[in-house]
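Heavy atoms only: backbone and side chains are in, while hydrogens, waters and symmetry mates are out.
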Amino acid sequence: MCLGIPGRVVELVDGYAGQLALVDVEGARRRVNVGMLEAPPAPGDWVLLHMGFAVELIDEAGAAQALSGLELMGRGRDEDDPDGVGPPSAPVGAAPGTRPAEPPYTTHPLPPGSAPAGSAPGQAAAPGPGRAPGSAALLEAAPPRGAAEAVRPAAGAPGAEGAPRVRRSFEVRGVVQGVGFRPFVHTAAGELALAGTVVNTGAGVVADVEGPVGAVAEFGRRLRTGAPPLAVVESVEERDHAPRGGSGFTIGASNPAGRARTLVPPDTATCAECLADLADPGNRRYRHPFVSCTHCGPRYTVVTGLPYDRATTTMSGFAMCADCRAEYEDPRDRRFHAQPIACHACGPRLELVLPGRQDGAPAPRDGDALRAARELIAAGAVVAVKGLGGYHLACDAYNAEAVAALRRRKRRGGKPFAVMAKDLATARRLAPVGAADERLLTGAARPIVLLPRGGDTLPDAVAPGAPDLGVLLPYTPLHVLLFGLEGDPEGPDVLVMTSGNLSGEPIVTDDAGALTALAPLADAWLRHDRPIHLPCDDSVSRIVAGTELPLRRARGQVPLPLALPFDVPPVLAAGGDLKNTCALGDGRRAWVSQHLGDLDDLATLGALTRTEAHLELLTGVAPERLAVDPHPGYRSGGWARERAGARPVAAAQHHHAHIASVMGEHGLGRDAEVIGFAFDGTGHGTDGAVWGGEVLRCGYGSALRLAHLGYVPLVGGDASVARPYRMALAHLHAAGVGWDPELPPVAACPPGERSVLLRQLTTGFGCVPTSSMGRLFDAVAALAGVRQEAAYEAEAAIALEGLARGGGREDGSAYAFGLGPAPDGGPLAADPAPVIRAVAADVRAGEPARAVAARFHAAVAALVVGLAERFRASTGLGTVALGGGVFGNAVLLEAAQRGLEERGFTVLRPRALPPGDGGLAFGQLLIAAASG
């Protein structure tokens, strides 16, 4: 058992894919990341907490042993230590009286604080059994002004009058800047009558306190167990110093010296208290579009440097008024040292820009701008709205003409729009909302949540033909005001809210650029003068089998780090070309960037460059090696090699990286191996083929190809991706099925194109072999008559998934892949030809598309289960990892997971990162570290 802090699980926190648990730590309840455990713990289980994570399941005896070890660490007793508190740095297991070498210090790894998503900011933790008085600190409500009273140790207790005084510094690392941590420290020190100071540093927060021994010890305990709601305390390092006397406790000027390594919090949805201020006519922030506090508001998108102070945010240009300054400096106020603090008198201001205005009148400002914007939207206009991480394009979702105009202007094709509902009741009117969906919708991260269609009928142009609707709730005060407060004229209660950009380009953030880039798209601009330092789009998630499956990780989640299962050197991973993210890793942490988009645009490459540089600034990571996808044409690889200089560049095969990403998420050790299923659309194979239906015996340092989907010709590359009927014709040809004009893809293909395709398939000219599972989904969708052309990525497969939900539960026996013996020393090929022939026969027989879709999904799930059983027998491996964009399909993922678990496999699926290319960089990083 490793050194750590014991805690007892109270419950798993819903909506976090089994990664977050409420844990009782010495009487204080904390939210703890349990993602590194092999399986989620049950209520009542004891866990060992180390470096901010639950790392081991233990029993009650193990908990007692761990606690005694911690006591020994800092509580050696000898004749010079009559109070029994000892030097804080006495080593674990040291004999009584052992003194450390100078300088004395010890590091105490801690459980993380309240996660930024899913808890109501400011919510108090319920007192646990045996909790010491005052131990919850700011987890309980702050006392009213004038009611605070210093808490002094009881007479006779260590630290009482006449007890020895000590001076000790505490260096706290984690998400401790921008979350009210220094105010919390100030309050705790005041309650314990300690003298000293607290400052932000590049590495975190340092508190230097002096006072009675017992009070100083209690102060350290509060740092570990009572941090504010958005804080994540990873470790506390203590160091003793010679007492110097003095009284009073202050918040000192920040010290930027030293290596930057604090954790900046993500942007967080407006908290309940700030929403109450916004709607209260008696509050001075009534209708203030930028109300925030230490528990909510912008963070990542406004931070320009460290330490996190007003001067290192985009709020530096806004001088505080006297009232805001008084709140900022009052330890009892929830805006104490809240860097984005502002009000009507001193904060950012709204402005409505109307193009081509000739009357010379000034642009509407503040409340007038907001009213005018609401009127424009209600009248059918498209308004560009500046948010936290960029501009959105908003219009009335019930106005078919407005939605169609936005779709046409944005060149959106048939890709669905997301909609923002005024409140949860409105969201329920649009689609069924389960308990897990509700927790995602209302949590502090507020992602777009994919919900099955069913409810109020929106115009078809919102999400044409899509089985799901992307729904989110307001997450800024400006959004709330756009919908209107009580007494406002009635307006739309559902808005299309889509990224302010042309399709394929990064979201627009700067005001001048918005006036130019969005001019063909918007009728007006509702903007403000607080700069956005970095673009950050909305996150997207869905619930699959009761657990969150992220599809895009961005606002509300970035830049929180992911735990690494082993130490890595400083590494930069460049990700892929689609859905690009980059990642930095060092030690036991990795930082994966926000979703940046597809790298087929110079603007997106520029966003990648700026984002990576900013991550280096925030994390202090100076990469010594780089990791890339080996595809020779990937822009991400070229970008990385241009910047590598003399640093080595490691290639991480695409599908290996997908599986390594899932392994790393689940905390599998350096030497672990799994049976990995990597199903996606495109990935460069080691044999030069286009891979995408891969079964790998996978560790971090190696990947052996056990099986793959049988090769078929991919004719014309991207042309076959955009026109699924071409992929269907290729599969029919490979399966020996004639091109019957009654089959939908044959009828859809123009005769001239059909003859050229046949010649290419016969001669092999212009063809590359592919094992892509994504392209097989396209082919079946075309054969079933679902989609012959795709206006956006995976459109045909998404439509096929939607039909499968209504096709009934199949056992996988209707269609079956061919499985012959594996060639000597080579991988097994799963032949799709029998499935293609069966689908074609069903279509000719008039079977409905939903039945074909359900049978096909069941067949792919059965293939996964069958191959897993086959390779468990030959390898002895019982853990299966599912990765790649095809596993964003809820029907397939749920069926495969269920089938595997019924046969005793441990199933690892993505839960913190997307299954597709948005998680690629994390896997590349782990492969580069393990292979170096």
Side-chain angles (χ1 to χ4, degrees), residues 116 120-123 141-142 178-180 183 228-230 265-303 310 313-330 332-351 365-371 373-374 385-389 392 420 422-423 442-446 473-488 526-532 555-556:
Q123 180 177 353
V179 293
L230 296 185
D267 299 333
T268 305
T270 311
C271 70
E273 292 89 343
C274 284
L275 288 176
D277 292 346
L278 183 73
D280 179 5
N283 191 288
R284 73 186 191 89
R285 290 188 174 85
Y286 177 54
R287 295 183 177 272
H288 179 50
F290 308 98
V291 58
S292 67
C293 68
T294 56
H295 303 320
C296 68
R299 297 293 190 275
Y300 176 60
T301 54
V302 299
V303 171
R310 182 87 162 199
T313 72
T314 61
M315 287 295 293
S316 61
F318 297 90
M320 281 181 258
C321 67
D323 288 336
C324 285
R325 174 64 66 182
E327 293 170 328
Y328 184 85
E329 295 176 351
D330 186 346
R332 296 162 297 182
D333 196 287
R334 78 173 195 276
R335 295 187 173 92
F336 182 46
H337 278 253
Q339 306 309 335
I341 188 173
C343 68
H344 291 291
C346 64
R349 299 189 64 185
L350 287 178
E351 178 184 40
R365 303 291 297 269
D366 304 323
D368 291 337
L370 198 55
R371 281 188 292 273
R374 294 185 70 236
V385 180
K386 187 177 180 182
L388 286 179
H392 284 94
M420 179 178 283
K422 180 177 182 177
D423 49 33
T442 60
R446 296 284 170 96
L473 296 182
Y475 56 86
T476 71
L478 180 56
H479 293 148
V480 175
L481 294 170
L482 264 181
F483 285 109
L485 298 180
E486 185 176 355
D488 286 338
L526 181 63
R527 66 186 191 182
H528 55 78
D529 52 353
R530 182 181 68 205
I532 299 170
R555 177 191 49 77

Can you see which heavy atom on P340 is nearest to which on P298, and at what distance?
CG-O, 3.7 Å
Is it the case that the side chain of R527 and the backbone of E351 share a donor-acceptor pair, with hydrogens and angles ignored and the cut-off at 3.5 Å?
no
Ignoring hydrogens, what is the shortest heavy-atom contact between G347 and A342? Give both atom names and the distance.
CA-CB, 3.5 Å
Looking only at non-hydrogen atoms, find the nearest pair between Y328 and Q339 and report the distance.
OH-OE1, 2.9 Å
Does the K386 side chain pair with the main chain of R530, one donor and one acceptor, at a distance under 3.5 Å?
yes
Between R299 (side chain) and D267 (backbone), is there a donor-acceptor pair under 3.5 Å?
no
Of the non-hydrogen atoms in L485 and Y286, which two are nearest, and what is the gap between them?
CD1-CE1, 4.2 Å
Tell me, please, which residues at least two apart from D423 pass side chain to side chain donor-acceptor pair (under 3.5 Å).
T426
Side chain to side chain, V480 and L275, heavy atoms closer than 4.5 Å
yes
Close side-chain approach of M320 and R310, heavy atoms under 4.5 Å:
yes
Can you list everything that forms a salt bridge (charged side-chain N to carboxylate O under 4.0 Å, His left out) with R287? Sequence neighbours excluded, please.
D488
Tell me, do R446 and R555 make a side-chain contact under 4.5 Å, heavy atoms counted?
yes
For residues L370 and L526, determine if any side-chain heavy atom of one lies less than 4.5 Å from a side-chain heavy atom of the other.
yes
If we only count heavy atoms from C-beta on, is the T268 to H295 side-chain gap below 4.5 Å?
no
What's the spacing between D366 CG and R349 CZ if we round to 0.5 Å?
4.0 Å
Distance in Å, T314 OG1 paired with I532 CD1, rounded so as to fall on 0.5 Å steps:
8.5 Å
Who pairs with F318 by ring-ring contact (aromatic ring centres under 6.0 Å, His included), at least two apart in sequence or on another chain?
none
So which atom in F336 and which in T294 form the shortest heavy-atom distance, rounded to 0.1 Å?
O-CG2, 3.5 Å
Checking R334 now: which residues fulfil salt bridge (charged side-chain N to carboxylate O under 4.0 Å, His left out) with it, not counting sequence neighbours?
D277
Once you measure the plane-to-plane angle for F290 and H528, does it fall in the parallel (<30°), tilted (30-60°) or perpendicular (>60°) bin?
perpendicular
Could you list the residues that satisfy ring-ring contact (aromatic ring centres under 6.0 Å, His included) with H479, not counting sequence neighbours?
Y475
Are P265 and L230 packed together at the side-chain level, in the sense that at least one heavy-atom pair is separated by less than 4.5 angstrom?
no
Which heavy atom of C271 sits nearest to which heavy atom of C293, and what is that distance?
SG-SG, 3.7 Å
Applying side chain to side chain contact (heavy atoms under 4.5 Å, CB included) to R285 and not counting sequence neighbours gives N283, H288, V291, C324, E327, R335, I341, C343
Does a side-chain heavy-atom distance below 4.5 Å link R284 with H344?
no
